[in-house]
Amino acid sequence: MKSTYDPSAVESRWYTAWEDAGAFRPETNPDGAPYSIVIPPPNVTGVLHMGHALDLTIQDVLIRRKRMQGYRALWLPGTDHAGIATQNVVERELAKEGMSRHDLGREKFVEQVWTWKAKSGNRITEQMRTMGFSTDWTRERFTFDEGLSKAVRKVFVQLYDEGLIYRGNRIINWCPRCHTALSEIEVEHEDEAGELTHIKYPFVEGDGHITVATTRPETMLGDTAVAVHPDDERYRDAVGRLIRLPLLDREIPVVADEGVELEFGTGAVKVTPAHDPLDFEIGQRHGLDEIQVIDTEARITEHGGRFAGQDRFEAREAVRHELKKRGFLERIDDHHHSVGHCSRCGTVVEPMLSLQWFVKVKPLTIPAIEAVKDGRTRFVPKRWENNYFHWMENLRDWCISRQLWWGHGIPAWYCDDCDEVIVAEDDPTSCPSCASGDLTRDEDVLDTWFSSQLWPFSTMGWPEETDDLATYYPTTVLVTGFDIIYFWVARMMMMGLHFTGDVPFADVSIHGLIRTPDGRKMSKSSGNALDPLDLVERYGADPLRLSLIQAAAPGHDVPYDEAWTDAARRFGNKVWNALRFAVEHMEIRDVPASGGYPADPGPEDAWILGRLAEVTVEFDRLFDDYRFSDAYGLLYNFAWAEVFDWYLELAKTPLRDEKRAAATRATLGAVLRDLLKLLHPAIPFLTEDLWSELGDGSLLITTSWPEPPAVAGPGSMSTLQDLIIGLRRFRSEHQISPKTPIETTVSDPDGLSEPWWADHLSSLAGCNVVYGEAPDAGAMSRVIAGSVQAFIPLEGLVDIDAERTRIEKAIADSEGELARSHAKLTNPNFRDRAPAEVVAGEEAKADAAQQRLAKLGAQLEELG
RNA sequence: GGGCGUUUAGCUCAGUUGGGAGAGCGCUGCCCUUACAAGGCAGAGGUCGGCGGUUCGAGCCCGUCAACGCCCACCA
């Protein structure tokens with residue numbers, strides 16, 4: 001073995017070996033209980049970012065452990081066709097050649113997208129391999145592949161037949177740049193500084209006017225009413241009168257509607273039914289005209305009179321200018337309000353009346369809410385359930401049609417003759433109503449999330465009743481960031497319950513977002529995004545994985561700092577060298593794949609085996625609660641501080657003693673082996689590589705998860721450790737060179753010590769030890785560990801003043817400790833109400849401090 | 001306008017049944033000790049945001065205030 005760990009060398013070796021062995025397939029454990037995860041499918045044209053790296057590492061860690069525990073563990077991979085995102089990418093490519101999709105035509109363009117997908121679609125899956133993710137590639141799916149498309153179509157048709165999908169004229173969010181409708185959640189609202197323009201709307205008859213306030217003066221061109229609240233005294237007499245709309249001179253009524261806020265603005269609102277959701281509702285209630293004054297390019301339509309053809313923002317200024325000129329402008333106030341932007345391209349969206357397809361979600365939300373309320377699906381951490389409920393309860397109908405070319409076509413046909421609408425799984429050939437008319441297929445495609453929401457069961461073969469569906473659905477856990485609870489998790493719940501009668505997953509493990517070290521959002525656009533593949537190159541995939549898993553406290557954002565990955569790399573080096581140590585001191589091939597704990601362990605062995613047992617149990621407990629960062633933090637510290645720093649050093653002595661070496665070799669081998677197993681889910685490449693040094697040529701990935709060894713008990717090890725630490729500190733404080741042996745007499749009235757201590761005190765603290773009472777040889781320093789004292793002659797070794805300072809400090813510490821204990825113990829309430837073991841513990845503490853003080857006092861006296 | 005989160009060592013963060021404050025990085029001193037200098041040993045550093053309450057006992061539970069952040073909302 002080389003003396004240093006080289007991640008890139010290690011990581012190039014194992015992925016194909018695992019895959020060739022079929023280790024990623026659940027069939028590797030044919031008799032195990034099912035355990036399943038479906039990957040949140042990344043965009044097919046995307047590249048792996050830090051968020052994926054975190055999300056997928058968590059899933060891989062879960063799957064690898066379950067696989068080792070013997071479960072039939074399925075991790076199903078795949079990608080999302082990502083309608084609007086992918087189309088945008090390809091359109092940008094075309095734009096470089098000075099072309100638009102319309103130059104190609106729909107068919108050619110879609111072909112082009114498929115070509116692009118074939119070219120770049122494997123990129124992210126290749127990157128997943130680099131990261132070591134053990135997904136079952138034989139089951140890889142794509143939201144646009146044949147089976148999933150069939151599922152989409154069946155779902156659409158059934159929902160339509162059930163009246164849960166309908167087509168209607170509604171206000172939708174339109175992106176003038178992407179040229180498509182968007183759903184509510186594809187719109188990002190941002191608070192912006194704007195202006196509230198107050199406009200005088202004069203009555204047709206008589207004097208006077210009503211002042212309305214608007215942030216979008218250009219929409220006045222489409223006004224068909226002014227609305228006031230029915231209880232508003234100010235406008236009591238105005239209701240029913242007619243207004244002459246400025247600039248256009250259209251006569252519009254004043255209506256009373258409860259949707260108007262009394263307090264806001266002037267209490268009177270201009271009503272533009274074709275360009276505002278609230279106005280649309282008011283318009284419906286009062287039978288108002290809906291005049292579209294802004295078109296799909298965000299330009300003023302011919303209904304806008306002299307403003308026709310102007311861009312909406314240009315028109316805003318022009319309208320305002322004209323109003324002012326004609327004396328209708330009252331005033332303009334500064335006003336902060338939120339403005340909707342397209343989440344894909346950032347363009348300000350235009351609310352607009354449009355004929356689109358919608359899902360009627362209310363009936364679907366009820367069982368989805370119920371399933372979380374009664375615990376069939378559980379969020380971790382639980383507080384995310386509140387967000388889920390809140391969103392579900394306030395959900396409005398979901399606009400699912402998109403005016404794009406890349407996506408699942410809507411299975412609807414319109415008869416040219418009789419206006420019949422046909423929605424069917426199989427393409428119809430003739431109109432069932434009139435049988436004569438030609439059929440024209442709806443040109444729109446479905447929102448990408450319409451197919452993603454079926455993912456947990458469509459990937460398993462639904463609507464066919466496949467073995468996979470029966471075995472792995474519902475899935476065990478969904479791992480995802482809180483940012484797509486609304487987009488995806490909630491919808492999967494609705495669809496899973498509606499179409500399979502069962503929840504799509506039992507647990508939802510929520511993690512946070514990766515942030516920069518200073519807590520900002522990592523994003524490509526702000527140029528602060530780290531590339532996980534670059535980090536893999538510089539530190540290794542295993543170190544990146546370990547650092548992410550350690551940093552990810554459940555449900556919290558992760559400010560990522562490369563220093564963590566660097567630390568994880570050094571940890572890998574430490575593990576590497578620990579195994580190298582074992583290789584040099586024993587026949588490593590003799591280590592069995594499990595068991596092999598010595599029947600007659602030495603005291604050092606018994607101690608570390610006891611600790612291993614405790615850590616194994618605790619690790620499993622934390623892990624099962626999805627507390628990965630705690631679990632791996634525990635393991636990291638156990639491995640480094642206890643196994644490497646203590647046990648390996650302690651083992652050196654018995655390894656030199658042929659009588660004791662056998663038990664220590666067995667322990668060393670077993671402990672390192674179990675450590676490799678426990679670490680494997682987080683750092684699979686390194687542990688697999690080291691595993692190949694020992695054992696029988698089997699793969700670690702499919703070996704068994706460790707059972708905690710039967711506890712042998714800690715013995716006197718902790719007292720010895722305290723003594724060694726005390727002696728090292730003594731040496732450090734008195735600046736005694738490590739090369740200078742310290743002659744010391746160990747006094748042990750309670751018989752805690754053992755003969756074998758002497759070797760360790762020699763090798764680990766540089767002390768030559770004799771056992772006995774304090775020697776009568778002048779002033780002595782003392783190092784105290786419980787009732788054990790190590791006496792060290794002052795003469796020639798220690799500066800008396802320094803020693804006095806050291807003792808005085810120790811006395812001060814002990815006195816403080818004693819005072820705190822004393823205060824508790826003299827409180828009668830404490831004795832009465834605290835549990836007996838807490839009181840006993842406090843008494844023991846006070847006792848120990850007292851004893852220690854007595855010894856320290858005696859020594860101070862000796863110093864004179 | 002609602003809801004949620006955060007506030008703990010110089011920095012970034014852990015700390016889930018309330019019972020003696022932790023990690024990584026950084027810092028100080030010593031050491032190339034035959035697994036590892038990508039290392040070892042020893043150490044410094046915290047009124048756990050403020051105030052109040054519950055409790056024998058609070059970083060942890062309750063109330064309140066403050067700062068920062070996020071999400072949701074038909075703020076014309």
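It should be emphasised that the depicted structure is a prediction, and the values quoted were computed from it without experimental measurement.
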Q: For A:Leu513 and B:G69, give me the distance from atom CG to atom C1', rounded to whole Å.
A: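 Interatomic distance, CG of A:Leu513 to C1' of B:G69: 13 Å.
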Q: Does A:Tyr486 reach a base, just sugar-phosphate, or nothing at all? Heavy atoms under 4.0 Å.
A: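 If one applies the 4.0 Å heavy-atom cut-off, A:Tyr486 turns out to touch the sugar-phosphate alone, with no base involved.
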Q: Applying a 4.0 Å non-hydrogen cut-off, can you work out what A:Trp640 is touching in the nucleic acid: base, sugar-phosphate, or nothing?
A: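 Sugar-phosphate, backbone atoms only, no base.
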Q: With a non-hydrogen cut-off below 4.0 angstrom, is A:Phe571 in contact with a base, only sugar-phosphate, or nothing?
A: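 Since no nucleic acid heavy atom lies under 4.0 Å of A:Phe571, the category is nothing.
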Q: Take atom C1' in B:C13 and the same atom in B:G69, then report the distance between them in whole Å.
A: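 Looking at atom C1' only, B:C13 and B:G69 are 16 Å apart.
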Q: Which distance, rounded to the nearest 0.5 Å, do you find between the CD of A:Glu604 and the OG1 of A:Thr664?
A: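 The CD atom of A:Glu604 sits 6.0 Å away from the OG1 atom of A:Thr664.
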Q: Mind checking the P distance from B:C71 to B:U28? Whole angstroms is fine.
A: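 These two P atoms come out 41 Å apart once rounded.
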Q: Would you say A:Lys2 places a side-chain N or O within less than 4.0 Å of OP1 or OP2 belonging to B:A35?
A: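 Answer is no, no contact under 4.0 Å.
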Q: Using every non-hydrogen atom in the two residues, find where A:Ala765 and A:Leu727 come nearest and quote the distance to one decimal.
A: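 Closest heavy-atom pair between A:Ala765 and A:Leu727: CB-CB, 4.0 Å.
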Q: Which of the following nucleotides, B:G20, B:A23, B:U16, is nearest to the side chain of A:Lys845?
A: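 My answer, after comparing the listed nucleotides, is B:G20.
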Q: What interatomic distance, in whole Å, is found between C1' of B:A38 and the corresponding atom of B:G57?
A: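 It works out to 45 Å between them.
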Q: Enumerate the residue pairs fulfilling salt bridge (charged side-chain N to carboxylate O under 4.0 Å, His left out) with a member in residues 621-637 of chain A, sequence neighbours excluded, ordered by first and then second residue.
A: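 Found A:Arg65-A:Asp624, A:Glu618-A:Arg621, A:Arg627-A:Asp630.
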Q: Within the structure shown, what part of the strands sits under 4.0 Å from A:Ala567 by heavy-atom distance: base, sugar-phosphate, or nothing?
A: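 Since only primed, P, OP1 and OP2 atoms lie under 4.0 Å of A:Ala567, the category is sugar-phosphate.
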Q: Could you tell me whether A:Ala227 contacts a base, only the sugar-phosphate backbone, or nothing, with contacts defined as non-hydrogen atoms closer than 4.0 Å?
A: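 A:Ala227: no heavy atom of the nucleic acid under 4.0 Å.
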Q: Among residues at least two apart in sequence or on other chains, which ones pass ring pair (Phe, Tyr, Trp, His ring centres under 6.0 Å) with A:Tyr636?
A: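 Per chain and number, A:Tyr636 pairs via ring pair (Phe, Tyr, Trp, His ring centres under 6.0 Å) with A:Phe571, A:Trp640.
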Q: Measuring only the P atom in each nucleotide, how far is B:U16 from B:C62? A whole number of Å is fine.
A: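 Rounded to whole Å, the distance is 14 Å.
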Q: If you take all heavy atoms of A:Arg515 and A:Asp557, which pair is closest and at what distance?
A: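 Residues A:Arg515 and A:Asp557, closest heavy atoms: NE-OD2, 2.6 Å.
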Q: Heavy atoms under 4.0 Å, any strand shown: does A:Glu837 hit a base, just sugar-phosphate, or nothing?
A: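 Here A:Glu837 touches no strand at all.
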Q: Base, sugar-phosphate alone, or nothing: which one does A:Thr4 contact when heavy atoms must sit under 4.0 Å apart?
A: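 The residue A:Thr4 makes base contact.
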Q: As a quick check of understanding, evaluate side-chain hydrogen bond (donor to acceptor under 3.5 Å, both in side chains) for A:Glu842 and A:Ser821, giving each step before the final call.
A: CA-CA 6 Å; A:Glu842 203 59 45; A:Ser821 288; 2.8 Å; yes
Q: Mind calculating the distance between CG (A:Leu648) and P (B:A35) to the nearest angstrom?
A: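 Computing the A:Leu648:CG to B:A35:P distance gives 9 Å.
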Q: Checking contacts here: which listed nucleotide (B:A44, B:A38, B:C31) is nearest the side-chain heavy atoms of A:Lys809?
A: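 Per side-chain heavy atoms of A:Lys809, the pick is B:A44.
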Q: Counting only non-hydrogen atoms, which of residues 725-734 of chain A are less than 4.0 Å from RNA chain B?
A: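 Within this stretch, A:Ile725, A:Arg728, A:Arg729, A:Ser732 sit under 4.0 Å of the strand.
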Q: Find the distance between CZ (A:Phe581) and CG (A:Leu648) and round it off to the nearest 0.5 Å.
A: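 With rounding to 0.5 Å, CZ (A:Phe581) is 4.5 Å from CG (A:Leu648).
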Q: Taking atom C1' in both B:C70 and B:C60, what distance in whole Å separates the two?
A: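 To the nearest whole Å, 24 Å.
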Q: In plain terms, say whether A:Glu817 and A:Arg852 are close enough for a salt bridge, that is, a side-chain N and a carboxylate O under 4.0 Å apart.
A: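 Salt bridge: no.
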Q: B:A14 and B:U8: how far apart are their C1' atoms, nearest whole angstrom?
A: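 Looking at atom C1' only, B:A14 and B:U8 are 10 Å apart.
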Q: Taking any heavy-atom pair under 4.0 Å as a contact, classify A:Asp566: base, sugar-phosphate, or nothing.
A: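 If one applies the 4.0 Å heavy-atom cut-off, A:Asp566 turns out to touch nothing in the nucleic acid.
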Q: Could you state the atom-to-atom distance from CZ of A:Arg396 to P of B:C72 in whole Å?
A: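 Atom-to-atom, A:Arg396 to B:C72, this comes out as 13 Å.
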Q: Measure NZ/A:Lys652 against P/B:C41 and give the value in whole Å, please.
A: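 The answer, rounded to whole Å, is 10 Å.
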Q: To the nearest Å, how far apart are A:Gln550 CD and B:C25 P?
A: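 Computing the A:Gln550:CD to B:C25:P distance gives 10 Å.
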Q: Taking only Lys NZ, Arg NE, NH1 and NH2, and the carboxylate oxygens of Asp or Glu, determine whether A:Glu350 and A:Arg216 approach each other closer than 4.0 Å.
A: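 Between A:Arg216 and A:Glu350 there is a salt bridge, with a charged N closer than 4.0 Å to a carboxylate O.
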Q: Expected output check: what is the dot-bracket annotation of RNA chain B, where ( ) and [ ] are pairs inside the strand (brackets for crossing ones), | is paired with another strand, and pairs are Watson-Crick or G-U under 3.5 Å?
A: ((((((((.[[[[.)...(..]]]].(((((.......))))).....[[[[[..)....]]]]])))))))....
Q: Between A:Val643 and A:Arg570, which residue's closest nucleotide on RNA chain B lies nearer the 5′ terminus?
A: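 Per heavy-atom nearest nucleotide, the more 5' residue is A:Arg570.
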Q: Between B:G50 and B:G43, how far is it from one C1' atom to the other, in whole Å?
A: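 B:G50 and B:G43 have their C1' atoms separated by 33 Å.
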Q: Nearest heavy-atom pair of A:Ile294 and A:Met352: which atoms, and what distance?
A: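 Of all heavy-atom pairs spanning A:Ile294 and A:Met352, the closest is O-CE, 3.6 Å.
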Q: Nearest-Å distance, CG (A:Leu634) to P (B:G24)?
A: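 Rounded to whole Å, this separation is 13 Å.
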Q: Using a 4.0 Å cut-off on protein heavy atoms (strictly under), produce a 5'-to-3' string for nucleotides 2-9 of chain B with B for base contact, S for backbone-only sugar-phosphate contact, and - for none.
A: ---SS---
Q: What contact category does A:Glu261 fall into here, base, sugar-phosphate, or nothing, at under 4.0 angstrom with non-hydrogen atoms?
A: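 A:Glu261: base contact, heavy atoms under 4.0 Å.
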Q: Does A:Lys739 have a side-chain nitrogen or oxygen under 4.0 Å from the phosphate oxygens OP1 or OP2 of B:C30?
A: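 A:Lys739 to B:C30 OP1/OP2: no side-chain N or O under 4.0 Å.
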Q: Across the strands shown, which category fits A:Val212 at heavy-atom distances under 4.0 angstrom: base, sugar-phosphate, nothing?
A: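 It contacts nothing in the nucleic acid.
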Q: What interatomic distance, in whole Å, is found between P of B:G19 and the corresponding atom of B:A37?
A: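 To the nearest whole Å, 41 Å.
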Q: Indicate, with a heavy-atom threshold strictly under 4.0 Å, whether A:Ser338 touches base, sugar-phosphate, or nothing.
A: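 Base, at least one base heavy atom under 4.0 Å.
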Q: Does A:Arg831 pair with A:Glu843 as a salt bridge, N-O distance under 4.0 Å?
A: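 Looking at A:Arg831 and A:Glu843, the cut-off is met.
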Q: Working to the nearest 0.5 angstrom, can you tell me the gap between A:His390 NE2 and A:Asn394 CG?
A: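 Between atom NE2 of A:His390 and atom CG of A:Asn394 there are 4.5 Å.
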Q: Return the nearest nucleotide to the side chain of A:Pro559; candidates are B:A35, B:U12, B:A14.
A: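 Between B:A35, B:U12, B:A14, the one nearest the side chain of A:Pro559 would be B:U12.
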Q: Once you apply a heavy-atom cut-off of 4.0 Å, does A:Asn394 come out as touching a base, just sugar-phosphate, or nothing?
A: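 Nothing, no nucleic acid heavy atom in range.
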Q: Using whole Å, report how far CD1 of A:Ile484 lies from P of B:C70.
A: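 From A:Ile484 CD1 to B:C70 P: 20 Å.
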Q: Would you list the pairs meeting salt bridge (charged side-chain N to carboxylate O under 4.0 Å, His left out) in which at least one residue belongs to residues 187-199 of chain A, sequence neighbours left out?
A: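 Listed once each, the pairs are A:Glu195-A:Arg320.
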Q: Rounding to an integer number of Å, can you tell me how far A:Arg580 CZ sits from B:A38 C1'?
A: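 The answer, rounded to whole Å, is 13 Å.
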Q: Under a 3.5 Å threshold, yes or no: a donor from one side chain and an acceptor from the other, between A:Arg580 and A:Asn577?
A: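 Indeed, the side chains of A:Arg580 and A:Asn577 share at least one donor-acceptor pair under 3.5 Å.
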Q: Side chain of A:Asn577 only, please: which of B:A23, B:G40, B:C36 is the nearest?
A: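 Closest nucleotide to the A:Asn577 side chain: B:C36.
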Q: Between A:Thr224 and A:Leu288, is there a donor-acceptor pair closer than 3.5 Å when you use the side chain of the first and the backbone of the second?
A: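 Judged by distance alone, no pair lies under 3.5 Å.
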Q: Assign each of A:Val269 and A:Lys824 to its nearest nucleotide of RNA chain B by heavy atoms, then name whichever residue's nucleotide is nearer the 5' end.
A: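 Nearer the 5' end of the strand: A:Lys824.
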Q: Does the side chain of A:Ser8 come under 3.5 Å of the side chain of A:Asp6 through a donor N or O and an acceptor N or O?
A: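 The answer is yes; a qualifying pair exists.
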Q: Give one of base, sugar-phosphate or nothing for A:Pro835, where a contact means two heavy atoms less than 4.0 Å apart.
A: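 Base, at least one base heavy atom under 4.0 Å.
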Q: Which part of the nucleic acid does A:Asp191 contact within heavy-atom distance under 4.0 Å: base, sugar-phosphate only, or nothing?
A: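 A:Asp191: base contact, heavy atoms under 4.0 Å.
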